[in-house]
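Each remark here refers to the structure printed beneath this line.
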Amino acid sequence: MNIPTAIKEILVHNHWDEFNFQMMKDCYIDKLRQSYSKFDYPLNERIISKIALFYNMKLKLNKSDILYFDFKKIKKYGPEAMQKQALKLKVNKVIYLADIHPGYLTVWLDEQERVWVDYDNHIYYYGSDIFRGIQNIVSGNIIETIKSVSNDER
């Protein structure tokens, strides 16, 4: 897999080590496959390899915020919750990707590998693939606010 320079810089800046990643990559991929297996999501080798790069990483967004790929949290979601979230985002399928702390922002990946963030009554679109989406989240670049969800729609 070819890691874009901007993503590699973000990872290295956050204490990621390529040698250690290469040693653990297969283990990360196996754990991710197992965690995501309960969802009806087209998780191919290309996508799972990209997600594995960020396995349990905490990326600094600014002085107080972090983007946390808490893969233990995948198990907290059930298939019904994923279906409900997909409807909210107006996509067919979605899986949990990460959280932004502090706060209640959740990062989702849809079946076309687009990256979304859901916060309170706002949905933000960050990119057309995992790498662009994460790069945009880290740089604070929201591509589009898709819609506001009223409390009645929840």
Going from [atom1] on [X] to [atom2] on [Y], what distance comes out if it is rounded to the nearest 0.5 angstrom?
X	Y	atom1	atom2	value
Tyr36	Leu43	OH	CG	7.5 Å
Tyr124	Leu89	OH	CG	13.0 Å
Ile7	Ile134	CD1	CD1	5.5 Å

Is there a donor-acceptor pair under 3.5 Å between the side chain of [X] and the backbone N or O of [Y]?
X	Y	result
Asp118	Val107	no
Ser35	Leu32	no
Asn136	Arg132	yes
Lys38	Lys75	yes
Tyr55	Phe71	no
Asn62	Ser64	yes
Asp110	Trp116	no
Tyr125	Ser128	yes
Ser49	Arg46	no

Locate the shortest heavy-atom distance separating [X] from [Y]; write the atom from each residue and the value.
X	Y	value
Ile74	Tyr96	CG1-CD2, 3.8 Å
Ile66	Lys60	CG2-CA, 4.3 Å
Val115	Leu109	CG2-CD1, 4.1 Å

Problem set entry | Lys58, NZ: over 12 other non-hydrogen atoms inside 6.0 angstrom | no
Problem set entry | Lys31 atom NZ: more than 12 heavy-atom contacts under 6.0 Å | no
Can you tell if the side chain of [X] reaches within under 4.5 Å of the side chain of [Y], non-hydrogen atoms only?
X	Y	answer
Trp108	Ile95	no
Lys88	Ile123	yes
Tyr77	Phe39	yes

Exercise. Is the shortest side-chain N to carboxylate O distance from Glu18 to Lys25 below 4.0 Å?
Worked result: no
